[in-house]
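Report on the structure given below.
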Amino acid sequence: MLPATSKLCAAISYRHLRNMTGLRRTAAVVLSHELEKLALVAPGPSKWINHVRRRSSLLSSRLEEKLYNDTEMSYITQGEEAIKKSMSILGDQDGWKLEIVAGNGDKVLSKVLPDIGKVFKLEAVLEQPLDNVYGELVDNMEKMGEWNPNVKEVKILQKIGKDTVITHEKAAEAAGNIVGPRDFVSVRCNKRRGSTCILAGMSTRFGEMPEQKGYIRAENGPTCMVLHPLNEDHTKTKLTWLLSVDLKGWLPKSIINQVLSQTQVDFAKHLRTRVTATHPTLSQS
């Protein structure tokens, strides 16, 4: 494979091929993979292999950036910032107050943060492998309105690379119609870190989706869902959902707190039902 990689790299030395971004990116990625294989085969790789590997990784990153315009790079940055802020909040275990404990063990906690306000955290265990849960939340996100009565619609407005999307979400009325319909425009970023999946997001502006008649444009974020297999049973998935929302409008805080915490409990219940319905064999085994 390495000789073939050399030919591919040599090909981009020709001027008319050097301008083909896709070919350059392919060459960089393939070279990086081959160096990784070589490092595994030969214990203690020499300094030149490490040096070339670093240069290859840097080249690949620069080529990746050139694939997007400034606006798209801004959305990517926002998504990554949502992950950074969310994981920082979840990483601080102090100050969380218990809000709800469901009969099945699901629980919602909350804490008040400077510059953000009150945030909520759902902790739940689903009796499904991580990939099944991830597929429903990410691959099938536009179908969420089919199984979550708190959501009317989720629509992907734009995809940027493999990790970032801009979405428009319409939320249903809540608390006996005391909380009217809201909508959100969000940037979402999905990352895998080992066996852990992070689905983060925050409100953003998207010129092609102005405020909609009949809806109050609310704001969210940083918010994220963290999925990882249970250590003692990899057929089950631990879900942690950080929720930070500003519903806008004139609403008493007591109602807002009740709506948001109950929304998280309801979400876990409906997600279980959905994933069980789409993977019945596993659930019945």
Side-chain angles (χ1 to χ4, degrees), residues 72 74-92 106-109 116 119-148 150-151 153-171 183-204 206 218-230 234 236-245 260-261 263-275 278-279:
E72 291 169 336
S74 174
Y75 287 132
I76 292 174
T77 301
Q78 290 175 46
E80 293 174 347
E81 186 66 18
I83 289 181
K84 181 179 178 181
K85 289 182 178 180
S86 297
M87 297 306 292
S88 175
I89 294 171
L90 291 175
D92 184 357
D106 294 352
K107 60 183 178 180
V108 177
L109 303 97
I116 294 179
V119 298
F120 297 83
K121 178 175 66 171
L122 168 72
E123 295 180 347
V125 174
L126 288 78
E127 296 186 352
Q128 288 283 340
L130 184 148
D131 286 344
N132 293 352
V133 181
Y134 180 89
E136 198 62 54
L137 295 176
V138 178
D139 300 334
N140 298 327
M141 72 169 65
E142 288 188 302
K143 296 182 179 180
M144 187 175 293
E146 297 178 3
W147 54 268
N148 187 352
N150 292 317
V151 174
E153 180 185 57
V154 176
K155 182 179 180 180
I156 296 176
L157 303 177
Q158 182 179 352
K159 291 184 178 181
I160 306 171
K162 66 181 187 300
D163 298 327
T164 307
V165 295
I166 310 298
T167 62
H168 179 233
E169 308 105 44
K170 293 181 179 178
D183 73 338
F184 304 83
V185 175
S186 309
V187 55
R188 303 188 185 201
C189 184
N190 310 313
K191 295 287 186 180
R192 283 201 178 222
R193 296 176 178 175
S195 61
T196 299
C197 295
I198 304 171
L199 325 173
M202 63 188 300
S203 286
T204 191
F206 191 77
E219 295 183 356
N220 61 27
T223 182
C224 84
M225 294 184 185
V226 180
L227 308 172
H228 63 83
L230 285 185
H234 282 200
K236 298 180 180 180
T237 301
K238 173 70 177 294
L239 164 65
T240 303
W241 176 18
L242 174 69
L243 178 63
S244 171
V245 175
L260 295 181
S261 57
T263 294
Q264 289 193 297
V265 172
D266 291 344
F267 175 84
K269 179 181 70 175
H270 298 311
L271 178 59
R272 278 193 186 91
T273 301
R274 174 68 172 191
V275 180
T278 53
H279 301 277

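The analysis underlying the following values was restricted to heavy atoms, covering all of them including side chains, and did not include hydrogens, waters or symmetry mates.
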- Indicate whether any N or O donor in one side chain lies under 3.5 Å from an N or O acceptor in the other, for N150 and T263.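 The answer is no; no qualifying pair exists.
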- With a 3.5 Å cut-off and no angle check, do the side chains of Q78 and S74 form a donor-acceptor pair?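 Yes.
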Could you tell me which non-hydrogen atom of [X] sits nearest to which non-hydrogen atom of [Y], and how far apart they are?
X: T237; Y: P129; value: OG1-C, 3.1 Å
X: P222; Y: S244; value: O-CB, 3.4 Å
X: E142; Y: I156; value: OE2-N, 2.9 Å

Could you tell me whether the side chain of [Y] reaches within less than 4.5 Å of the side chain of [X], counting heavy atoms only?
X: R188; Y: E169; answer: yes
X: E123; Y: W241; answer: no
X: L126; Y: L271; answer: yes
X: E136; Y: M141; answer: no
X: E219; Y: F184; answer: no
X: V185; Y: I166; answer: yes
X: F267; Y: N148; answer: yes
X: V187; Y: T164; answer: yes

Please report the interatomic distance [atom1]([X]) to [atom2]([Y]), rounded to the nearest 0.5 Å.
X: L90; Y: I198; atom1: CG; atom2: CD1; value: 9.0 Å
X: L157; Y: T204; atom1: CG; atom2: OG1; value: 10.5 Å
X: L137; Y: N190; atom1: CG; atom2: CG; value: 9.5 Å
X: C224; Y: K191; atom1: SG; atom2: NZ; value: 14.0 Å
X: Y75; Y: C189; atom1: OH; atom2: SG; value: 14.5 Å
X: L242; Y: L199; atom1: CG; atom2: CG; value: 12.5 Å

Using a 3.5 Å distance criterion without hydrogens, assess whether the side chain of [X] forms a donor-acceptor pair with backbone atoms of [Y].
X: T278; Y: V275; result: yes
X: S88; Y: K84; result: no
X: E72; Y: I160; result: no
X: R274; Y: M144; result: no
X: S203; Y: N220; result: yes

- Query: Should L230 and V125 be marked as a side chain to side chain contact (heavy atoms under 4.5 Å, CB included) after you check the CA-CA gap, both sets of side-chain angles, and the distance that decides it?
  - Reply: CA-CA 8 Å; L230 285 185; V125 174; 3.7 Å; yes
- Evaluate side chain to side chain contact (heavy atoms under 4.5 Å, CB included) for V226 paired with L239, printing each intermediate quantity in order. CA-CA 6 Å; V226 180; L239 164 65; over 6 Å; no
- salt_bridge(D131, R192) N-O dist < 4.0 Å: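 The answer is yes: the pair qualifies as a salt bridge.
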- Electrostatic pair R272:D106 at N-O distance under 4.0 angstrom: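 Between D106 and R272 there is a salt bridge, with a charged N closer than 4.0 Å to a carboxylate O.
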- Query: Please walk me through it: do L243 and L260 pass side chain to side chain contact (heavy atoms under 4.5 Å, CB included)?
  - Reply: CA-CA 8 Å; L243 178 63; L260 295 181; 4.2 Å; yes
- Message: If you count heavy atoms of other groups shown closer than 6.0 angstrom to NZ of K121, is the number above 12?
- Response: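 Yes, enclosed.
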- Item | Derivation and outcome, side chain to side chain contact (heavy atoms under 4.5 Å, CB included), residues V151 and E146 | CA-CA 8 Å; V151 174; E146 297 178 3; over 6 Å; no
